[in-house]
Amino acid sequence: MDSKAMNGKPSNKRIKVVFVLGGPGSGKGTQCAKIVEHFGFTHFSAGDLLRAETKSGSEYGTMIQNLMKEGKLVDSSIIVRLIQKAMLESENDKFLIDGFPRNEENRIAFEKIVNIEPEFLLFLDCPESELEKRLLSRNQGREDDNIETIKKRFKVFMESTLPVVSYYEQRGKVRKVNAAKPPEEVFEDIKAIFSSIQGNDISYRQIAIEAKPEHSPSLIKCCLQFLCCLRMHERK
Ligand SMILES: Nc1ncnc2c1ncn2[C@@H]1O[C@H](COP(=O)(O)OP(=O)(O)OP(=O)(O)O)[C@@H](O)[C@H]1O
Ligand SMILES: Nc1ccn([C@@H]2O[C@H](COP(=O)(O)O)[C@@H](O)[C@H]2O)c(=O)n1
Ligand SMILES: [Mg+2]
């Protein structure tokens with residue numbers, strides 16, 4: 001995918017975006033950390049960006065905090081600007097955007113402001129009873145991890161987020177995994193999805209990660225030389 005730009009200006013960076021959605025507590029943050037480690041993506045959690053904004057002394061801080069306490073969604077222009085800023089400040093060209101788009105307004109604002117079509121949407125599917133159990137035992141001091149707010153977050157997820165999943169489903173862009181399994185098993189399924197899109201996009205970092213002591217130095221050298229040729233060919 002040749003992205004035109006993130007900020008309206010032409011760019012020759014090939015930017016890849018994967019949206020990561022699932023119910024509250026489905027393991028988005030947990031799985032994103034594993035994807036970063038194995039596939040070299042940069043991870044932005046929309047919720048974490050908003051939490052950081054409330055602590056930054058921003059003019060919107062109190063308003064964001066109040067909405068989050070209620071499990072409500074923040075205005076799209078705010079969250080999209082935060083995501084765009086984070087992407088522009090990154091050196092990477094592959095991004096996991098976790099907890100976004102949460103509603104149609106988020107989706108349309110991203111399309112208008114950032115103007116990048118996602119590669120696909122990774123959907124972590126998990127029953128509500130399991131989500132509730134996980135959130136109530138998360139113990140990370142989140143103000144919204146209480147039963148009253150959890151119920152409101154589930155409602156927002158069903159009413160506002162699932163329609164976005166359907167939108168991408170109709171376009172063949174949803175990769176759904178069963179997230180009601182132990183984290184390592186969930187990641188096995190995710191690995192298969194990301195490996196299949198990796199194609200020519202294998203990175204130097206990936207070779208370094210995959211290299212094992214039993215691999216001969218000449219095999220690793222050969223892989224790196226192949227990758228150099230591939231990159232030169234891509235630049236032509
Ligand atoms: N597959 C899993 N099985 C059991 N527990 C899990 C699994 N994945 C994550 N957890 C645990 O569930 C809790 C929620 O996980 P995580 O924070 O990754 O979810 P999330 O989707 O990012 O949640 P939120 O939408 O609230 O940000 C954490 O305590 C995490 O350790
Ligand atoms: N696109 C988004 C994402 C999140 N929020 C708010 O943040 C809360 C926490 O989000 P997590 O992904 O960390 O669970 C969420 O309940 C919303 O209040 C948002 O407004 N827009
Ligand atoms: Mg999270």
Side-chain angles (χ1 to χ4, degrees), residues 17 19-37 43-55 58 60-84 86 95-111 113-114 118 121-165 177-191:
V17 163
F19 290 146
V20 183
L21 284 177
S26 54
K28 299 182 291 296
T30 305
Q31 295 301 328
C32 282
K34 294 178 189 293
I35 301 167
V36 165
E37 197 187 319
H43 169 217
F44 295 123
S45 150
D48 288 350
L49 290 172
L50 289 168
R51 275 181 284 275
E53 189 68 2
T54 65
K55 290 181 188 134
S58 141
Y60 304 117
T62 311
M63 183 259 289
I64 294 172
Q65 196 176 13
N66 288 337
L67 288 168
M68 289 175 87
K69 264 191 218 162
E70 285 296 312
K72 291 184 182 158
L73 298 179
V74 173
D75 190 86
S76 294
S77 63
I78 296 178
I79 182 60
V80 172
R81 296 285 174 199
L82 291 175
I83 293 170
Q84 183 187 40
F95 301 99
L96 295 170
I97 307 187
D98 150 7
F100 185 92
R102 284 287 237 282
N103 59 10
E104 277 294 298
E105 197 198 65
N106 274 187
R107 181 186 69 70
I108 293 163
F110 188 86
E111 210 172 273
I113 299 171
V114 182
L121 184 157
L122 177 65
F123 182 69
L124 305 188
D125 192 23
C126 193
E128 215 170 274
S129 53
E130 171 67 15
L131 298 179
E132 189 179 305
K133 215 163 54 186
R134 289 182 191 177
L135 292 174
L136 289 174
S137 55
R138 177 153 56 181
N139 272 332
Q140 284 175 3
R142 273 181 55 165
E143 278 190 297
D144 54 354
D145 278 351
N146 59 78
I147 191 63
E148 202 187 321
T149 312
I150 287 170
K151 294 286 183 200
K152 291 179 184 165
R153 289 158 69 196
F154 286 161
K155 192 163 183 287
V156 170
F157 173 68
M158 300 296 286
E159 291 175 359
S160 304
T161 310
L162 285 182
V164 182
V165 178
V177 294
N178 173 8
K181 301 190 287 185
E184 299 69 28
E185 286 181 34
V186 179
F187 188 60
E188 281 308 305
D189 297 345
I190 291 178
K191 225 159 121 179

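Bear in mind the structure is a predicted one, so any value in this text is a computation, not a measurement. Both counts, for ligands and for their atoms, begin at 1 and track the order of listing.
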Examine G99 against ligand 2 and note whether any of their N/O atoms are separated by less than 3.5 Å.
yes
Considering only heavy atoms from C-beta outward, does the side chain of E104 approach that of V164 to under 4.5 Å?
yes
Between E185, K28, R134, R138, flag the one that comes closest to atom 12 (O) of ligand 1 by a heavy atom.
R134
Is there a heavy atom in R142 that sits closer than 4.0 Å to ligand 2?
yes
Does V74, backbone or side chain, put an N or O under 3.5 Å from an N or O of ligand 2?
yes
Should N106 be counted as touching ligand 2, given the test is an N or O pair under 3.5 Å?
yes
N/O to N/O below 3.5 Å, does that happen between R142 and ligand 1?
yes
So for ligand 2, is K72 a polar contact partner (N or O within less than 3.5 Å, distance only)?
yes
Taking only heavy atoms of R153 into account, list the atoms of ligand 2 that are under 4.0 Å away from them.
14 (O)
Should the proximity of S45 to ligand 1, defined as any heavy atom under 4.0 Å, be assigned to the side chain, the backbone, both, or neither?
neither
Here the gap from I190 atom CD1 to L124 atom CG, rounded to the nearest 0.5 Å, amounts to 5.5 Å
Could you check whether the rings of F110 and F19 sit parallel, tilted or perpendicular, using 30° and 60° as the cut-offs?
perpendicular
Give the contacting part of Q31 toward ligand 1: side chain, backbone, both or neither, where contact means a heavy-atom distance below 4.0 Å.
neither
For ligand 2, which is the ligand I care about here, please tell me if K28 has any N or O atom under 3.5 Å from one of the ligand's N or O atoms.
no
Would you call S76 and N103 a side-chain contact if the rule is heavy atoms closer than 4.5 Å?
yes
For the atom pair CD (E53) and CD1 (I78), what is the distance rounded to the nearest 0.5 Å?
8.0 Å
Ion pair present between R134 and D145, side-chain N to carboxylate O less than 4.0 angstrom?
no
Answer yes or no: does an N/O atom from R51 fall short of 3.5 Å to an N/O atom of ligand 2?
yes
